[in-house]
Amino acid sequence: MERADSLLAMRSWSAPEVPSLQELGFGTGQKVKIFDSSSDELQVSDPRGQARLYVCGITPYDATHMGHAATYLAFDLLQRAWLDRGIDVLYTQNVTDVDDPLLERANATGMDWIELAERETQLFREDMTALQILPPDHYVGAVEAIGLVVDLVQKLQEAGAVYAVDDDLYFDVHADPAFGSVSRFSADQMAEVFPQRGGDPDRPGKRHQLDCLVWQAERAGEPAWDTELGRGRPGWHIECSSMALHYLGNSIDVQGGGSDLIFPHHEMSASEAQVATGERFAKAYVHAGMVGFEGEKMSKSKGNLVLVSKLRADEHDPMAIRLSLLAHHYRSDWEWFDSDIAGGEKRLAMWREAVGRSSGPSGKKLVADLRQALADDLDAPTALEIIDSWAVDESTVDEKSAETARAALNTLLGIKL
Ligand code: 5CA
Ligand code: ZN
């Protein structure tokens with residue numbers, strides 16, 4: 001398909017500058033503790049030298065709503081905490097630029113699916129740049145990863161973990177003895193959630209209801225590519241496992257995304273990778289909470305999507321948008337209220353005024369307190385309170401207080417004053 005080639009060579013977005021607190025004489029940050037869904041516990045994540053991170057990217061329609069932004073912000077904080085600890089980060093993020101929901105949206109609106117994907121991906125890049133979210137090292141579309149998917153499916157075929165139903169290929173989830181260990185869902189929970197999130201439990205010919213599609217043969221009117229598996233397109237979960245294994249290697253440090261991906265998506269992609277490599281896919285599975293809108297799920301059909309681009313177009317400072325998001329702990333489910341942006345703006349104005357002081361409270365203590373809050377499962381709300389207290393503290397013991405605060409906010413929280 002010639003036109004699909006235009007999706008090749010996906011660009012990432014430009015990186016914000018992250019000042020080094022170590023170079024400013026503050027040493028390195030603490031070991032980072034992060035909540036791992038698979039063990040249901042806080043885990044120290046202190047990889048030697050380099051951390052390898054995979055975060056599930058957007059399906060490019062309806063980008064970028066505040067839920068998306070909150071999820072990518074959570075992993076941005078994680079990277080900043082690792083960087084401050086002196087750990088390099090190797091980061092991959094996908095774009096699900098061919099999948100049922102995208103094709104359905106394109107059909108429903110009469111748009112070409114490639115144009116829709118490109119438009120929304122570009123909007124997402126602009127939003128991420130405005131919000132100072134650190135870009136991935138590899139930003140990869142499903143279409144450009146088809147070769148990787150085919151390789152992984154073939155590996156799984158050799159392991160006897162893939163079978164055909166008509167011309168489609170399914171992964172046998174029971175080929176992985178650890179299947180179920182990411183979500184720890186009961187059989188009933190799995191059965192309930194699987195069909196709600198793209199699964200097809202009742203298709204005749206499947207070995208097990210939960211087995212998932214890894215390769216889908218061409219359907220009339222849908223895009224397809226010629227490969228050694230036949231003409232078709234990749235299943236969803238294997239898109240992420242194949243990219244993570246290829247770009248980051250086995251046993252990555254963190255697999256991340258929103259909590260809607262715990263099952264089946266992260267369960268399935270982990271099992272596929274585990275059968276192929278014989279190793280645990282990720283050391284930690286980290287999930288951001290779901291963001292709703294004034295008591296409801298955000299969705300286009302309800303007409304209540306809150307888009308970052310809309311807030312920007314309404315001339316809200318991106319740093320105020322970022323601050324409004326940071327006011328919520330990444331792990332909690334929360335609701336956006338239109339009045340929230342005013343809170344972010346007020347705080348931004350107060351902090352901007354506070355960094356205009358010639359002398360203030362101890363900058364060293366500020367850095368230590370912020371580091372402690374963020375290393376403790378990325379506790380941004382506590383970090384914001386620490387800065388609020390610093391801003392109203394009238395002591396004048398440190399002439400570099402404001403300069404230090406400016407740097408620490410930029411480095412650890414991505415807030416440029
Ligand atoms: N392309 C797949 C992942 S491979 C996907 O889930 N795309 S998405 O566009 O639906 O979501 C992009 C990211 O935002 C995912 O990590 C998802 O978990 C997260 N996300 C989606 N909706 C919300 C929400 N309401 N609140 C918080 N995070 C969300
Ligand atoms: Zn994914």
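Both ligands and their constituent atoms are indexed starting at 1 by order of listing. What's counted below: heavy atoms across the whole structure, side chains too, no hydrogens, waters or symmetry copies.
- Counting heavy atoms under 4.0 Å from ligand 1, residue Cys240 touches it through the side chain alone.
- Distances from atom 12 (C) of ligand 1 to the heavy atoms of Tyr72, Phe124, Phe293, Phe75 show the closest one on Tyr72.
- With contacts defined as side-chain heavy-atom distances shorter than 4.5 Å, the pair Leu378/Phe35 does not qualify.
- A salt bridge is absent between Asp167 and Arg219; no separation between the charged side-chain nitrogens and carboxylate oxygens falls under 4.0 Å.
- Residues passing the ring pair (Phe, Tyr, Trp, His ring centres under 6.0 Å) test with Phe75, sequence neighbours excluded: none.
- Ligand-side atoms of ligand 1 in range of Gly257: 16 (O), range being under 4.0 angstrom from any heavy atom.
- Looking only at protein heavy atoms, the nearest one to atom 29 (C) of ligand 1 is Met290 CE, 3.6 Å.
- Counting the atoms of ligand 1 from 1 in the order shown, those under 4.0 Å from a heavy atom of Gly289 are 26 (N), 27 (C).
- Classification of Asp253 and Lys283 as a salt-bridged pair holds, one side-chain N sitting under 4.0 Å from a carboxylate O.
- In summary, the atoms of ligand 1 found under 4.0 Å from a heavy atom of Gly67, numbered by their order in the structure, are 24 (C), 26 (N), 27 (C), 28 (N), 29 (C).
- For atom 19 (C) of ligand 1, the nearest non-hydrogen atom of the protein is Thr71 OG1, 3.8 Å.
- Side-chain contact check for Arg11 versus Tyr139: every heavy-atom pair is 4.5 Å or farther apart.
- Under a 4.0 Å criterion applied to the non-hydrogen atoms of Thr96, ligand 1 contributes the atoms 1 (N), 2 (C), 4 (S).
- Among protein heavy atoms, the minimum distance from atom 25 (N) of ligand 1 is reached at Val291 O, 3.0 Å.
- Here the closest heavy-atom approach between residue Leu131 and residue Ala69 is recorded as CD1-CB, 4.0 Å.
- Atom NZ of Lys155 is surrounded by 12 or fewer heavy atoms from other residues, nucleotides or ligands within 6.0 Å.
- Between His65 and ligand 1 there is a heavy-atom distance shorter than 4.0 Å.
- Counting protein heavy atoms only, atom 4 (S) of ligand 1 is closest to Trp236 NE1, 3.1 Å.
- Salt bridge annotation for Asp314-Lys310: present, with a cationic side-chain nitrogen under 4.0 angstrom from a carboxylate oxygen.
- Heavy-atom neighbours of Gln196 CD from other residues, nucleotides or ligands within 6.0 Å: above the threshold of 12.
- Protein heavy atom at the shortest distance from atom 11 (O) of ligand 1 is His68 CD2, 3.7 Å.
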Could you pull out every donor-acceptor pair under 3.5 Å between side chains of residues 272-279 and any protein atom, sequence neighbours left out?
| from | atom 1 | to | atom 2 | distance (Å) |
| --- | --- | --- | --- | --- |
| Glu272 | OE1 | Ile238 | N | 3.3 |
| Glu272 | OE1 | Ser241 | OG | 2.8 |
| Gln274 | OE1 | Phe281 | N | 2.9 |
| Gln274 | NE2 | Asp176 | OD2 | 2.8 |
| Thr277 | OG1 | Ala273 | O | 3.0 |
| Thr277 | OG1 | Glu279 | N | 3.0 |
| Thr277 | OG1 | Glu279 | O | 3.3 |
| Glu279 | OE2 | Asn250 | ND2 | 3.2 |

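- In terms of protein heavy atoms, atom 18 (O) of ligand 1 is closest to Asp260 OD1, 2.6 Å.
- Between the Asp172 side chain and the Val162 main chain, no donor and acceptor come within less than 3.5 Å of each other.
- Proximity of His265 to ligand 1, defined as any heavy-atom pair under 4.0 Å, is confined to the side chain (atoms from C-beta onward).
- In this structure, the protein non-hydrogen atom closest to atom 3 (C) of ligand 1 is Gly57 O, 3.2 Å.
- Looking at Thr59 against ligand 1, both its backbone and its side chain come within 4.0 Å, counting heavy atoms.
- Taking atom 16 (O) of ligand 1 as the reference point, the nearest protein heavy-atom neighbour is Gly258 N, 3.2 Å.
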Under 3.5 Å, which donor-acceptor pairs do the side chains of residues 406-417 form with other protein atoms, sequence neighbours left out?
| from | atom 1 | to | atom 2 | distance (Å) |
| --- | --- | --- | --- | --- |
| Arg406 | NH1 | Leu417 | O | 3.4 |
| Thr411 | OG1 | Pro19 | O | 2.8 |
| Thr411 | OG1 | Ala407 | O | 2.8 |

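- Taking the six-membered ring for Trp and the full ring otherwise, the centers of His266 and His287 sit less than 6.0 Å from each other.
- Within the protein, the N, O or S atoms lying under 2.8 Å from the Zn ion (ligand 2) are Cys56 SG, Cys240 SG, His265 NE2.
- Two rings, from Phe124 and Tyr72, have their centers less than 6.0 Å apart.
- In this structure, Asp338 and Phe293 have side chains that are in contact, with non-hydrogen atoms separated by less than 4.5 Å.
- Checked by distance only, ligand 1 and Asn94 stay at 3.5 Å or farther apart across all their nitrogen or oxygen atoms.
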